[in-house]
Amino acid sequence: MTDWQAEAERLDASDPISKHRGDFLLDDALAYLDGNSLGALPKATPDRIDKVVRGEWGDGLISSWNTASWIDLPQRIGAKIAPLVGAQPSEVVVADSVSVNLFKLISAALLMQDGRKVVLSEPGNFPTDLYMIEGLEGQGLAERRLADRDALEDALDDDVALLLLTHVHYKSGEMFDMKRLTRVAHQAGALVLWDLSHSVGAVPVDLGGSNADFAVGCGYKYLNGGPGAPGFAFVAQRHHDRLQQPLSGWMGHKAPFAFSDDYEPAPGVDQLLCGTPPILSMSALEVGVDLMAGIGIDALVAKSRELSEFTRAAMAQMVPELPCISPDDPASRGSQLSFRHEHAYELCQALIARKVIGDFRALDILRLGFAPAYVRYADCWRAVSELRDLLDSGEWKKPQYAQRAKVT
Ligand SMILES: *Cc1c(COP(=O)(O)O)cnc(C)c1O
């Protein structure tokens with residue numbers, strides 16, 4: 001039998017980016033395996049927010065739109081996210097939530113596709129992605145079609161305007177082959193929109209090399225932008241001239257401060273801005289993005305794979321009662337592993353009581369996420385050994401662990 005604890009110690013000791021855990025405000029005793037849902041707080045964020053609030057807002061007041069360059073934050077942060085997803089700086093902008101960006105980009109794609117109305121996705125995709133298509137369907141603008149992963153290619157007929165997929169599945173961790181599916185969709189005359197919420201900052205993403213058309217992504221998961229941080233949107237340069245989206249707010253106008261009665265879109269992704277950007281949230285997001293960019297995507301990806309591989313192997317040997325439903329091949333999955341158990345909810349709550357934070361996804365999934373910037377191999381080992389202990393002792397059966405909260 002492998003001595004997993006010794007193995008974890010060995011891997012932590014030789015981890016080239018282990019020092020970056022110190023960049024986050026995390027209790028040393030905490031095994032935080034939920035950074036794929038809400039990233040940890042960077043130590044530099046409170047000071048940055050304090051400076052923005054007291055200095056830029058309190059002292060600078062309205063002049064800070066210019067003097068502190070608040071007005072440029074959406075593009076400036078977008079340009080920093082771009083290299084994490086294989087995009088050009090001018091192709092990414094930070095705005096709104098992922099859901100709202102989905103609305104804008106699904107609409108934009110439909111407007112580029114004369115006569116085609118079908119938006120193709122898979123059943124079990126993240127709910128908001130499916131709901132946003134439904135909203136447009138309710139307006140008579142789209143037609144939702146769902147096909148299982150292995151039937152997607154066959155479902156790409158002449159009616160499909162857009163293929164909308166989440167690159168890394170939130171529940172199973174399965175990762176689509178972005179390059180191949182984008183090519184197949186293009187051959188069928190469809191455009192492609194990738195949701196990178198569970199990808200950016202943890203797995204390799206090459207929007208440019210994949211010839212992707214559109215993408216959206218989340219700021220509060222692996223980018224550590226804080227609760228409700230704005231998301232980002234990507235539009236390939238080749239589509240900028242034809243880009244048109246219905247949320248024609250004044251911040252997406254070519255000249256917002258001309259106060260014209262008529263809307264004229266700003267060039268490129270600037271048009272995706274709608275209302276005034278949330279400067280406090282954006283400032284926090286910039287700290288998180290700077291941190292990820294500073295560590296470098298290659299180092300993050302390499303460690304993410306090792307963390308999940310360590311955990312998968314240790315779980316298979318030590319806790320065989322919880323089968324892993326994520327792909328075995330690290331190249332085919334995101335930075336997370338999902339395990340099935342009838343009492344996954346109770347097990348998850350009992351783990352949390354022992355300071356091992358994972359999450360539960362209905363109906364029966366215990367999900368462990370590996371944010372490579374701050375997760376230690378020792379944290380992964382803790383999850384495995386505490387699970388073993390909970391199952392052996394039956395402690396997870398205590399009634400308090402069965403009580404359900406509003407957010408799981
Ligand atoms: C987290 C997540 C979102 C979040 O959407 P919001 O509108 O920012 O709440 C969207 N899509 C996927 C796939 C996600 O994982």
Side-chain angles (χ1 to χ4, degrees), residues 33-40 74 77-78 81 84-85 92-107 119-136 144 146 149 162-176 178 181 192-203 205 207 212 214-234 245 247 272-275 277-278 281-282 284-285 288-289 304 326 333-338 358-362 365 367-371 406-408:
L33 302 175
D34 214 0
N36 53 323
S37 203
L38 176 64
I77 306 172
I81 293 171
L84 300 176
V85 293
V92 182
V93 73
V94 171
D96 302 313
S97 62
V98 179
S99 304
V100 174
N101 290 329
L102 282 167
F103 178 83
K104 291 182 279 194
L105 294 184
I106 298 169
S107 305
V119 180
L120 176 64
S121 191
E122 62 165 343
N125 191 356
F126 192 79
T128 210
D129 300 58
L130 299 179
Y131 302 162
M132 296 314 289
I133 309 172
E134 278 192 304
L136 284 157
R144 192 178 83 162
L146 304 182
R149 306 198 147 205
L162 178 71
L163 175 63
L164 163 56
L165 293 173
T166 299
H167 182 224
V168 171
H169 195 276
Y170 77 99
K171 206 190 280 188
S172 69
E174 281 174 88
M175 183 157 70
F176 278 116
M178 179 182 284
L181 268 164
V192 187
L193 166 48
W194 289 102
D195 186 335
L196 304 176
S197 293
H198 276 284
S199 308
V200 59
V203 304
V205 180
L207 290 170
F214 306 101
V216 294
C218 188
Y220 52 80
K221 292 172 178 157
Y222 295 107
L223 294 182
N224 307 303
F232 65 89
F234 157 92
Q245 63 91 9
L247 294 183
L272 296 174
L273 301 181
C274 180
S281 298
M282 290 225 175
L285 174 60
V289 170
S304 144
S326 306
R333 65 174 187 243
S335 199
Q336 66 180 73
L337 290 171
S338 295
D359 62 21
F360 164 78
R361 285 293 173 263
I365 299 295
R367 192 175 67 156
L368 303 177
F370 309 99
K406 210 165 176 179
V407 178
T408 62

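Each ligand, and each atom within it, is numbered from 1 in the order the structure gives. In this chain, numbering begins with 1 at the start of the sequence shown.
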Numbered in order shown, the ligand 1 atoms found under 4.0 Å of a heavy atom of Thr166 are 13 (C)
Atom 1 (C) of ligand 1 sits nearest the protein heavy atom Lys221 NZ, 1.4 Å
Return yes or no for this condition: an N or O of Asp129 is under 3.5 Å from an N or O of ligand 1.
yes
With heavy atoms and a 4.0 Å threshold, my read on which part of Ser99 contacts ligand 1 is both
Out of Tyr220, Tyr131, Phe103, the nearest non-hydrogen contact to atom 6 (P) of ligand 1 is supplied by Tyr220
Under 4.0 Å from one or more heavy atoms of Ser97, ligand 1 contributes atoms 7 (O), 8 (O)
Quick note on ligand 1: atoms under 4.0 Å from a heavy atom of His198 include exactly 15 (O)
Smallest heavy-atom separation, Leu368 atom then Gly358 atom, equals CD2-CA, 4.1 Å
One finds that the ligand 1 atoms under 4.0 Å from a non-hydrogen atom of Ser197 are 2 (C), 3 (C), 10 (C), 11 (N), 12 (C), 13 (C), 14 (C), 15 (O)
heavy-atom search around atom 11 (N) of ligand 1 in the protein gives Asp195 OD2, 2.8 Å
Quick look: Leu102 vs ligand 1, heavy-atom contacts under 4.0 Å, and the answer is neither
In terms of heavy-atom contacts, Asp96 and Lys104 come closest through OD2-NZ, 2.5 Å
Within the 4.0 Å heavy-atom cut-off, what Val98 brings close to ligand 1 is both
Beyond-backbone contact of Met178 with Leu196, side-chain heavy atoms, under 4.5 angstrom
yes
What one should report as the nearest heavy-atom pair of Val216 and Val98 is CG2-CG1, 3.8 Å
Output for pair (Ser335 OG, Tyr222 OH), nearest 0.5 Å, gives 4.0 Å
Note: Leu105 and Ala233 closest approach over all heavy atoms is CD1-CB, 4.0 Å
Interatomic distance, CD@Gln336 vs CD@Glu174, rounded to 0.5 Å, equals 10.0 Å
Test side-chain contact (heavy atoms from CB on, under 4.5 Å), reference His167, set Val203, Leu207, Asp195, output is Val203
- Query: Do any nitrogen or oxygen atoms of Thr128 lie less than 3.5 angstrom from nitrogen or oxygen atoms of ligand 1?
  - Reply: no
